There are 2 protein chains.
Amino acid sequence: MNAIENSPLTRKLSVFVALSDMELAVLDRLHQRRRTFVQGIDLVHQGQSDQAAYVLAEGWVCSYKIQRDGSRQIVDFQIPGDFLGLRSVLLHTSDHSIVPIVEIEAAEILVSDLLDAFAHTPRLATAILWAASRDEAMVVEHLVGLGQRDAEARVAHFFLELAARLALVGLGSKAGFECPLTQYHLADSLGLSAVHVNRVLRRLREEGLVTFRDGRVSFENYDGLVTLAEFDPEYLNHTGPLLS
Amino acid sequence: MNAIENSPLTRKLSVFVALSDMELAVLDRLHQRRRTFVQGIDLVHQGQSDQAAYVLAEGWVCSYKIQRDGSRQIVDFQIPGDFLGLRSVLLHTSDHSIVPIVEIEAAEILVSDLLDAFAHTPRLATAILWAASRDEAMVVEHLVGLGQRDAEARVAHFFLELAARLALVGLGSKAGFECPLTQYHLADSLGLSAVHVNRVLRRLREEGLVTFRDGRVSFENYDGLVTLAEFDPEYLNHTGPLLS
DNA sequence: CGAAACTTTGAAGCTCATCAACAGAAGTGG
DNA sequence: CCACTTCTGTTGATGAGCTTCAAAGTTTCG
């Protein structure tokens, strides 16, 4: 058992596909070209083309779109084990920006390596396709939240989804998780003002459901939150794709 | 020049990739198994597995998710030339439902045919990948609208996007388009109440921007609408993907 | 140590949802 | 065929939820 088996990506994929030694080795190779990026400087910029792709090894980033009026909509957050800019590479262009929220570590992925990996280890390709489609399902669920849920349910749902994702890579549980986000991040992601996010957080805290403080989310009443948010994790745990 | 070259899918793909006779023939073959579906009965149902995939030939459908409280969020509308349930097939499960808005005609796609087509005509695979990624970009833009735009801009943006998509398959222009949707469809898609949609439509009409009446959207002031919605069609027209 | 970033709270007001009622169109059954 | 319901569109009244503006407190950091 080598260290790489504990990389977040490997942990995540292993939950859904049992990976052989050879497949683990290929994943290992994808993790070679390790790089560090500082917080706050765009990794990929809206409209830019021919970017590299990465696997996030440590830290958090977010994908967002800026409107002409200056407002920002965060589409998605990425946590360790997630791919960054995979679509941008395949499509030679990106319609959104990606920025590190804290200093991050990421492994650069060469398209050629990726295509090689796909060709030689179809089960790995399957697993990665699964992960990509899960990301898409999360975007859809996010959209549903913006359209249908009120502020309190949105915040609750957001925390629950993050907790489930983080648990998969060993970074969280039903007790809580470390969370480097600011209330502005929540606001821009949930389509609320930062002021209102603050009030909602206070209410959730006073109701004894969840506390977001000092960079940590602590669930005080997990089941109560699930009820409030109508959180159904099915979309995160869908069964495997083609060939599996 | 045969009739198939005028199928909506062919028209759409041709705009972005010049297709050879052979590729046109393969597309032709995909259109063989024509079927009709009545309005209002789910084609794919949330949670259902192992569905077929289709190419929509005529009519409109929508993809939606139902919440436990009964509210409905429409994620996306599909128009002629769009794929239906492609992801459901690849993933063996669907996290959303698909329902025809009017009686539709669709060609059933066999997964084996599709994979064959991909293997033998890579440029076609490229074009289809492009179309799929464009669909994803539309979902993201929809999300941005729900998070950042007010009701008037949402409605305006919605009409403009639809017009652009329909124009690509010859069903609309900057003058307007036939539109079988009800105000409830708009409401469920845009995260508004039907009552408020009605008021917004009235305002847009009174401002001389756009009229939605008797199943038709008529642009009275296209450029004014573009300004109001901050509509930037770039996400619809991104350049081609890998290999192109 | 001062500046910048983030959090917190109050007050005022606007956008939008909800409730209610009605009118017209379209479909349905006796 | 006409009465019936059902679906869709329209408008008014009321108020909840959220935004905006403002200001002050707290933490972080160069």
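All figures in this text were calculated on a predicted structure; none of them were measured in a lab.
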Any donor and acceptor pair, going by atom type alone, linking the side chain of B/His185 with main-chain N or O of B/Thr182 inside 3.5 Å?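 Indeed, once roles are kept as given, a pair shorter than 3.5 Å links the two residues.
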Heavy-atom side-chain proximity of B/Arg154 to B/Leu146 below 4.5 angstrom: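 Sidechains of B/Leu146 and B/Arg154: in contact.
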Determine whether A/Leu181 and A/Phe158 make a side-chain contact, defined as any pair of heavy atoms from C-beta on separated by less than 4.5 Å. yes
More than 12 heavy atoms of other groups within 6.0 Å of A/Gln46 CD: yes
Can you tell me if the side-chain N/O atoms of [X] get under 4.0 Å from OP1 or OP2 in [N]?
X	N	result
A/Arg202	C/dT9	yes
B/Arg213	C/dA25	no
A/Gln183	C/dT8	yes

Write down the distance between CG (A/Leu201) and P (C/dT7), rounded to a whole number of angstrom.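 Rounding to the nearest Å, CG of A/Leu201 and P of C/dT7 are 9 Å apart.
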Give the rounded distance in Å between these two atoms: CG of A/Asn198 and P of C/dT7.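 Taking CG of A/Asn198 and P of C/dT7, I get 8 Å after rounding.
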Nucleotide-resolved protein contact map, nucleotides 11-21 of chain C, B/S/- at heavy-atom distance under 4.0 Å: B----BSBB--
Could you give the start and end, 5' to 3', of the contact zone on DNA chain D for chain B, using atoms under 4.0 Å from its heavy atoms?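 On DNA chain D, the outermost contacted nucleotides are D/dT8 to D/dA13.
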For residues 223-235 of chain B, which side-chain N or O atoms pair as donor and acceptor with protein atoms under 3.5 Å away, sequence neighbours left out?
{"unit_1": "B/Thr227", "atom_1": "OG1", "unit_2": "B/Asp223", "atom_2": "O", "d": "3.0"}
{"unit_1": "B/Asp232", "atom_1": "OD1", "unit_2": "B/Glu234", "atom_2": "N", "d": "3.1"}
{"unit_1": "B/Tyr235", "atom_1": "OH", "unit_2": "B/Glu161", "atom_2": "OE1", "d": "2.5"}

Point-to-point distance, once rounded to the nearest 0.5 Å, from CD1 of A/Ile101 to CD of A/Gln39: 9.0 Å
Assess whether side chain to side chain contact (heavy atoms under 4.5 Å, CB included) is satisfied between A/Tyr64 and A/Asp42, documenting all intermediate values. CA-CA 10 Å; A/Tyr64 65 96; A/Asp42 277 6; 2.8 Å; yes
Atom of B/Ala137, atom of A/Asp95 and distance for their closest heavy-atom approach: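 Shortest heavy-atom contact: CB-OD2, 3.4 Å.
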